[in-house]
Amino acid sequence: MRLLVTGGAGFIGSNYARWVLARTDDAVVVYDALTYAGSRESLRDVQGDPRLVFVQGDVCDREGLARAMAGCDAVVHFAAESHVDRSIAAPDAFVHTNCDGTNVVCDTARQLGLRKVVQVSTDEVYGSIGEGSFAETDRLAPRSPYSASKAGADLIALAYWETFGLPVSITRSSNNFGPFQHPEKLIPLFTTSLLDGRTVPLYGDGLNVRDWCHVDDNCAAIDAVLRLGRPGEIYNIAGGNELTNRDLTERLLALCGRDESFVRYVDDRLGHDRRYSVDAAKIAGLGWSPGRELDEALVSTVDWYRGNRWWWEPLSKAMGVGAAEGAGGDRGAGEARR
């Protein structure tokens, strides 16, 4: 099979391309606009694989996307603006890329007759839940421009199934972490800051709860949906590792050899959801379950950032992390997404 992976130079997309190349005989066409969150360096270790093709392009560019998609059997659609804080500051790009881009991906796939489209989404589309876990049939209640744009993208994808019969499936995962995640996100931001002896900013009281899923487990789940998922269906993906942001911070402090003095509390973010939780029983029916234990996965992730400064230091400098903190600026802990 020949796969088009949009956003394949980003965090989850690059890990998925690597996952497919390591475990299947499939060919992978990575299509990525190389915005600040995408880098060909994230694919450095697989660039010599003859099954990998890289095409730079925007998912909103119909002609460019059609050329890249031609000859492919399926598309796994990761390309998205994903940082909640950025969506609050500048929502237009999120609606354009996430909604318009998904429409172009689905329409192009329809015209070319692709066998499958996987729309990669997020548990944030459901909003916050005090107790229990969201099922795929629960209503959508997004509370940020980011999550609203992803909810809109999901509805666009489902409309292509209902209207045109385009074989689309949707995945909605909990927070991801692992190698090659941009240092604006919580775990890499805290890890790289602590490794460099800088303080880390924690929103509000630090008691917001997130479920953490290692990116390898999410890639395995997405691949199961690609190959076994039913068209028109949604599949939640959960790591089964619910932690408060405060608990997660304490674990990262210990792994980086720092103490409580490295934590500073900052004003909470606008519309900060208290707790996310999704029920993954449906995807378990496809034979998937998370394989990475949280503590082991956190150790390996911190070790990766410790040993791969070449990858993240230029990104941190571009963000101005050290300069902002040195000047007393506050950078709140964002969510760990695509």
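All values below come from the heavy atoms of this structure, side chains included, with hydrogens, waters and symmetry mates left out. Note that the structure is predicted; figures quoted are calculated from it, not measured.
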Is [Y] paired with [X] through a side-chain N to carboxylate O contact shorter than 4.0 Å?
X    : Y    : answer
D216 : R292 : yes
K150 : D123 : no
R172 : E124 : no
R227 : D26  : yes
D85  : R269 : yes

Between [X] and [Y], is there a donor-acceptor pair closer than 3.5 Å when you use the side chain of the first and the backbone of the second?
X    : Y    : value
S316 : E313 : no
D273 : R275 : no
Y305 : G178 : yes
E233 : I170 : no

Any side-chain donor paired with an acceptor under 3.5 Å for [X] and [Y]?
X    : Y    : value
D211 : N241 : no
S144 : S147 : yes
S133 : S277 : yes
S300 : D303 : no

Exercise for review: Tell me, with the steps shown, if V53 and R2 meet side chain to side chain contact (heavy atoms under 4.5 Å, CB included).
Suggested key: CA-CA 10 Å; V53 175; R2 185 176 177 87; 4.2 Å; yes

Review point. Is D25 atom CG crowded by more than 12 heavy atoms from other residues, nucleotides or ligands, each under 6.0 Å away?
Key: no

Residues which pass side-chain hydrogen bond (donor to acceptor under 3.5 Å, both in side chains) with [X], listed by chain and number, not counting sequence neighbours:
X    : result
T137 : none
Q119 : D154
T35  : none
T97  : none

Taking all non-hydrogen atoms of both residues, which atom of [X] and which atom of [Y] are closest, and how far apart?
X    : Y    : result
P179 : N15  : O-ND2, 3.1 Å
V125 : A151 : CG1-N, 3.5 Å
N236 : E136 : N-OE2, 2.8 Å
L226 : V118 : CA-CG2, 3.7 Å
P145 : P91  : CB-CB, 3.7 Å
S169 : V225 : CB-CG1, 3.6 Å

Review point. For residues 54-70, which residue pairs qualify under salt bridge (charged side-chain N to carboxylate O under 4.0 Å, His left out), counting only residues two or more places apart or in two chains?
Key: R62-D107

Check your understanding: Applying salt bridge (charged side-chain N to carboxylate O under 4.0 Å, His left out), which residue pairs with at least one partner in residues 86-105 are found, sequence neighbours left out?
Key -> R86-E184

Check your understanding: What residue pairs, at least two apart or across chains, pass ring pair (Phe, Tyr, Trp, His ring centres under 6.0 Å) with a residue in residues 92-131?
Key ->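 Applying ring pair (Phe, Tyr, Trp, His ring centres under 6.0 Å) to every pair that reaches into residues 92-131, excluding sequence neighbours, yields Y126-F134.
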
Point to revise | Sequence neighbours excluded, every pair satisfying ring pair (Phe, Tyr, Trp, His ring centres under 6.0 Å) that has a member inside residues 16-67 | key: Y16-F78, Y36-H182

Flag the pair [X] / [Y] as yes when at least one side-chain heavy-atom distance between them is below 4.5 Å, and no otherwise.
X    : Y    : answer
Q56  : D32  : no
L298 : I187 : yes
V278 : I237 : no
V266 : L202 : no
V75  : L114 : yes

Check your understanding: If two hydrophobic side chains count as joined below 4.5 Å and joins carry through other members, does Y265 share a cluster with L248?
Key ->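 Linked, Y265 and L248 end up in one cluster.
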
Review point. Cluster question for you: counting only ILVMFWY and a side-chain heavy-atom cut-off of under 4.5 Å, with indirect links fine, are V299 and L194 together?
Key: yes

Exercise for review: Find the distance between SG (C256) and CZ (R251) and round it off to the nearest 0.5 Å.
Suggested key: 14.0 Å

Practice item. Starting at OG1 of T191, measure out to CG of L186 and round the result to the nearest 0.5 Å. Key: 8.5 Å

Review point. With ring centroids as reference points, do H83 and Y146 lie under 6.0 angstrom apart?
Key: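 That pair fails the under 6.0 Å test.
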
Revision key, fill the gap. Residues at least two apart in sequence or cross-chain that pass ring pair (Phe, Tyr, Trp, His ring centres under 6.0 Å) with W304, listed by chain then number, are F180, W311

**Study point:** Residues which pass ring pair (Phe, Tyr, Trp, His ring centres under 6.0 Å) with H214, listed by chain and number, not counting sequence neighbours
**Key:**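 With sequence neighbours excluded, H214 shows a ring pair (Phe, Tyr, Trp, His ring centres under 6.0 Å) to F177, given in chain and number order.
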
Exercise for review: Would you check, one step at a time, whether the test salt bridge (charged side-chain N to carboxylate O under 4.0 Å, His left out) holds for R309 with D196?
Suggested key: CA-CA 11 Å; R309 285 179 172 272; D196 277 353; 2.8 Å; yes

Under 3.5 Å, side-chain donor or acceptor atoms of residues 159-166 against the rest of the protein: list the pairs with distances, not counting sequence neighbours.
| residue | atom | partner | partner atom | Å |
| --- | --- | --- | --- | --- |
| Y160 | OH | N103 | OD1 | 2.8 |
| T163 | OG1 | A159 | O | 2.9 |

Practice item. Tell me, please, which residues at least two apart from D205 pass salt bridge (charged side-chain N to carboxylate O under 4.0 Å, His left out). Key: R274

